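To keep things clear, I will list the structure first and then write my remarks on it.
Just so it is clear, the structure is predicted and the values come from calculations on it, not from any experiment.
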Amino acid sequence: SITTLIAGISRFRSGERQFRFNSPIKDEIGILADSFDDMADSIVQSVKAPLVITDSNRKVRYMNEQALARVGKTLPEVVDRPYAEVSLHPEWSEDCAISALLEGKEPDVYSPRAGGYFQDNAVYLKDNAGNAVGYIIPTTDVTDIVAGRMRIEEQRALLDIIFSSTPDLMWYKGADGKYMAVNPRFSSLAGTNPKQLVGKTADDIFPADIAERFKINDQKALENKAPTYSEETRRFQGGHEE
């Protein structure tokens with residue numbers, strides 16, 4: 001009947017992605033039911049990543065094949081069980097997706113024994129009226145993102161070593177003239193450590209004539225948007241000149 005059809009569709013929408021009519025009668029209602037089954041199969045098959053759906057009490061309504069493979073369970077073994085019992089993550093742990101959603105923060109990335117890096121992100125499952133009736137928890141493979149971040153960190157660490165150990169004077173400065181970072185050789189001009197120069201301008205650190213020269217060079221670089229070159233003699237705090 002139409003009532004049965006509507007009830008079945010409601011079950012699917014509420015998270016029972018395994019629900020199918022499998023109608024044995026091929027009248028008009030049966031054809032509609034078969035069309036729904038085909039659509040439901042397409043929706044389920046289109047999701048390639050692990051996916052879990054729970055009700056508002058965190059009881060599992062559905063897990064797709066990929067999610068079941070990760071926990072080594074079958075669908076009948078997990079339906080109606082608490083999510084915490086079939087999840088890879090303890091409830092309220094830093095990588096528990098539902099707990100992170102309720103606390104308003106991003107769940108941690110984790111690496112299972114099989115390798116790679118993954119992140120579960122929960123969103124609310126809502127009914128027609130927009131009321132939250134459960135949770136949808138997809139798993140995202142973030143291995144490439146993590147690997148990219150690790151490469152960036154390695155490059156940053158190498159640049160930090162070069163920046164700190166080079167015999168040249170090096171610094172980063174904002175367009176407002178404030179130093180963002182300086183290396184030890186540069187800070188030796190003022191006879192202090194690099195951290196004490198961050199946030200200061202040349203006027204705060206050097207004699208007026210030296211500060212003015214720095215500002216002129218900065219202005220040329222900003223106006224021309226190109227490298228500038230100059231040869232100057234500087235007296236270091238110890239008294240020697242270079």
Side-chain angles (χ1 to χ4, degrees), residues 1-89 91 95-101 106-148:
S1 68
I2 289 292
T3 301
T4 302
L5 197 66
I6 293 173
I9 293 172
S10 296
R11 288 176 62 182
F12 185 85
R13 293 194 67 225
S14 68
E16 292 184 50
R17 292 295 194 265
Q18 71 276 21
F19 174 80
R20 300 294 184 276
F21 288 107
N22 297 318
S23 176
I25 302 173
K26 303 307 177 185
D27 56 8
E28 289 185 351
I29 296 296
I31 292 172
L32 281 174
D34 289 345
S35 297
F36 170 85
D37 288 350
D38 291 341
M39 181 195 70
D41 287 340
S42 297
I43 291 173
V44 169
Q45 292 168 9
S46 68
V47 180
K48 304 300 182 183
L51 176 73
V52 183
I53 300 176
T54 78
D55 61 18
S56 57
N57 295 318
R58 302 196 190 190
K59 287 189 176 181
V60 175
R61 301 293 298 277
Y62 172 76
M63 292 179 74
N64 68 356
E65 292 181 4
Q66 292 84 347
L68 290 168
R70 286 167 65 86
V71 297
K73 303 285 185 181
T74 63
L75 190 58
E77 290 177 319
V78 300
V79 170
D80 290 331
R81 287 183 60 186
Y83 173 68
E85 292 183 6
V86 298
S87 171
L88 296 176
H89 321 295
E91 194 172 21
D95 42 16
C96 177
I98 295 179
S99 300
L101 175 65
E106 184 177 2
D108 284 354
V109 172
Y110 61 93
S111 180
R113 293 180 180 178
Y117 293 90
F118 299 86
Q119 186 178 44
D120 298 346
N121 284 283
V123 295
Y124 290 106
L125 175 66
K126 297 184 178 181
D127 61 16
N128 287 334
N131 301 311
V133 294
Y135 304 95
I136 303 176
I137 308 105
T139 297
T140 304
D141 186 339
V142 294
T143 302
D144 291 342
I145 296 174
V146 171

Any side-chain heavy atom of [X] within less than 4.5 Å of one from [Y]?
X	Y	answer
Ile6	Ser10	yes
Ile29	Phe21	no
Val71	Leu88	yes
Val60	Lys73	no
Glu77	Leu68	no
Met63	Arg70	no
Tyr83	Lys59	no
Pro76	Gln18	no

Determine the minimum heavy-atom distance between [X] and [Y], stating which atoms define it.
X	Y	result
Thr143	Gly116	OG1-CA, 3.4 Å
Ser23	Ala33	CB-CB, 4.0 Å
Asn57	Asp55	N-OD1, 2.9 Å
Gln66	Ala49	CB-C, 4.0 Å

What distance do [X] atom [atom1] and [Y] atom [atom2] have between them, rounded to the nearest 0.5 Å?
X	Y	atom1	atom2	answer
Tyr117	Asp144	OH	CG	12.5 Å
Ile98	Leu101	CD1	CG	8.0 Å
Asp37	Phe19	CG	CZ	7.5 Å
Ile25	Asp34	CD1	CG	11.0 Å
Ser87	Ile137	OG	CD1	8.0 Å

Problem set entry | Check: Thr140 main-chain N/O paired with Gln119 side-chain donor or acceptor under 3.5 Å | no
Problem set entry | Exam field: side chain Arg61 to backbone Arg58, donor-acceptor pair closer than 3.5 Å | no
Exercise. Mind checking whether Tyr124 and Tyr135 have ring centres under 6.0 Å apart?
Worked result: yes
Exercise. Any salt bridge (charged side-chain N to carboxylate O under 4.0 Å, His left out) pairs touching residues 117-127, not counting sequence neighbours?
Worked result: none
For this session: Check Ile53, Leu51, Val52 against Asn64 for a side-chain contact (heavy atoms from CB on, under 4.5 Å) and give me the one that passes.
Result: Leu51
Exercise. In terms of ring plane angle, is the pair Tyr110 and His89 parallel, tilted or perpendicular, where the classes change at 30° and 60°?
Worked result: perpendicular
Problem set entry | Stepwise side chain to side chain contact (heavy atoms under 4.5 Å, CB included) test for Val79 and Glu16 | CA-CA 9 Å; Val79 170; Glu16 292 184 50; over 6 Å; no
